[in-house]
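All residue numbers in this chain count up from 1 along the given sequence. This structure is a prediction, so every number in the text was calculated from the model and none was measured.
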Amino acid sequence: MSGAPSATRKRVIKPAEERQADLLDAALAVYAERGIADATVSEITNRANVAKGTFYLYFESKDHVVAVLWERYVTGFLELAGATIGNRTPQGDWGNILASLMERLIDHALAHADLHRIVYGSADAKALALCSETNQQVIALITEAIQRGMTAGVLRAGNAEILARIIYHGTHGMLHETISGIAAHDRDDVVATVRDIVDRVLVS
């Protein structure tokens with residue numbers, strides 16, 4: 001009797017972190033194609049090449065996946081941005097540091113435009129609330145940069161958190177319009193405008 005190839009899929013053992021990453025990548029692809037509402041858990045697990053039950057070892061629901069995707073996105077930005085402010089001297093050029101930080105945020109957002117469209121185009125209120133909570137980490141980082149500049153006396157004194165929220169939400173709004181196709185804002189124009197705002201409003 002000849003040995004016919006088995007139709008059974010060989011089980012691949014992967015670390016939990018890698019398995020979760022596979023599911024997140026699969027979900028992002030499925031959501032981009034079908035939207036969150038129309039996507040199914042089966043489609044996600046099929047694309048990730050895992051059993052359906054594996055999904056629920058890592059996520060409570062499709063919207064929980066959205067929140068984790070956004071958290072991964074924010075964590076990626078924080079890792080990029082950490083070097084921008086982490087080792088600066090107290091008397092550093094904080095106006096330029098802050099502007100560079102926002103430029104990194106703009107480029108990171110544009111590089112992940114698909115995720116932005118998914119989240120703000122089809123996520124439900126609970127998922128959006130979870131994403132908003134994660135965004136506070138970015139605002140905290142911007143606040144820290146402003147506060148350090150104020151302490152060094154190179155940025156004008158004021159309420160660092162309020163200024164951080166104005167800068168963040170203003171930039172985020174422009175990016176949302178660009179990524180969603182509501183308005184065509186040129187990337188270089190947005191970066192230059194943010195730098196101009198920082199120079200005019202914050203630099204002593």
Side-chain angles (χ1 to χ4, degrees), residues 63-64 66-121 123-204:
D63 287 306
H64 181 209
V66 175
V68 176
L69 279 168
W70 195 256
E71 183 177 22
R72 184 171 70 167
Y73 160 79
V74 169
T75 299
F77 168 70
L78 294 176
E79 289 173 354
L80 285 172
T84 306
I85 68 169
N87 298 317
R88 301 293 178 171
T89 62
Q91 299 301 323
D93 182 5
W94 285 100
N96 186 57
I97 293 167
L98 179 59
S100 296
L101 189 67
M102 297 310 299
E103 183 172 359
R104 281 178 178 255
L105 174 60
I106 290 164
D107 287 338
H108 189 65
L110 293 175
H112 295 81
D114 280 348
L115 177 58
H116 186 103
R117 279 189 287 268
I118 289 166
V119 169
Y120 289 96
D124 70 3
K126 182 178 179 182
L128 285 172
L130 290 169
C131 292
S132 179
E133 286 178 18
T134 310
N135 286 347
Q136 302 312 306
Q137 296 176 58
V138 179
I139 292 172
L141 186 69
I142 299 169
T143 301
E144 179 189 350
I146 294 173
Q147 187 61 63
R148 287 176 68 176
M150 289 176 176
T151 301
V154 294
L155 296 183
R156 291 190 179 95
N159 187 308
E161 184 181 351
I162 290 175
L163 287 166
R165 289 182 181 279
I166 290 171
I167 292 170
Y168 172 77
H169 289 299
T171 304
H172 185 271
M174 293 284 286
L175 289 168
H176 175 71
E177 289 183 350
T178 300
I179 292 170
S180 303
I182 297 171
H185 301 300
D186 179 76
R187 177 263 180 203
D188 291 342
D189 286 345
V190 174
V191 169
T193 301
V194 170
R195 284 186 172 273
D196 189 51
I197 290 171
V198 170
D199 287 343
R200 290 174 182 270
V201 174
L202 284 172
V203 178
S204 298

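Here the side chains of T171 and M174 are not in contact, with every heavy-atom distance at 4.5 Å or above. Counting only heavy atoms from C-beta outward, the side chains of V194 and E103 never approach each other to under 4.5 Å. Using a 4.5 Å heavy-atom threshold, the side chains of L155 and R148 count as separate. Under the 4.5 Å side-chain criterion, counting only non-hydrogen atoms from C-beta, T134 is not in contact with L130. Side-chain contact between V191 and R195 is present, with heavy atoms from C-beta onward closer than 4.5 Å. Residues V201 and I166 have side chains not in contact (no heavy-atom distance under 4.5 Å, counting atoms from C-beta outward). Counting only heavy atoms from C-beta outward, the side chains of L98 and I167 approach each other to under 4.5 Å. L105 has its side chain within reach of Y168: a pair of non-hydrogen atoms, C-beta onward, lies under 4.5 Å apart.
Rounded to the nearest 0.5 Å, atoms CG (L101) and CG (N96) are 11.0 Å apart. Summarising the geometry, atom CD belonging to Q147 is positioned 9.0 Å from atom CG belonging to N159; distances are rounded to the nearest 0.5 Å. With rounding to the nearest 0.5 Å, the separation of CD1 in I197 from CG in L163 is 11.5 Å. Taken to the nearest 0.5 Å, the CD1 atom of I106 stands 11.5 Å off from the NE2 atom of H185. Of the inter-residue distances, the one linking T75 atom OG1 with W70 atom CH2 reads 12.0 Å to the nearest 0.5 angstrom. Rounded to the nearest 0.5 Å, atoms CD (E133) and CD (E71) are 10.0 Å apart.
Between A164 and I142, the shortest heavy-atom distance links the atoms CB-CG2, 3.7 Å. I179 approaches A113 most closely through the heavy-atom pair CG2-O, 3.5 Å. Of all heavy-atom pairs between G95 and V203, the closest is CA-CG2, 3.9 Å. Pairing each heavy atom of L115 with each of L69, the nearest pair is CD2-O, 3.7 Å. The two residues M150 and A157 have their closest heavy-atom pair at CE-C, 4.0 Å. When all heavy atoms are compared, the tightest approach of A109 to L175 is CB-CD1, 3.7 Å.
The aromatic rings of H108 and F77 are tilted relative to each other, their planes meeting at an angle between 30° and 60°. Between H116 and H172, the ring planes are tilted. Angles from 30° to 60° get that label.
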task: Take L128 and Y120 through the test side chain to side chain contact (heavy atoms under 4.5 Å, CB included) and record every step on the way to the result.
output: CA-CA 8 Å; L128 285 172; Y120 289 96; 4.0 Å; yes

Step-by-step salt bridge (Lys or Arg N to Asp or Glu O under 4.0 Å) determination, D114 to R117: CA-CA 5 Å; D114 280 348; R117 279 189 287 268; 2.8 Å; yes

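A donor-acceptor pair under 3.5 Å is formed between the side chain of Q136 and the backbone N or O of S132.
Counting only residues at least two apart or on different chains, the salt bridge (Lys or Arg N to Asp or Glu O under 4.0 Å) pairs with a member in residues 149-163 are E161-R165.
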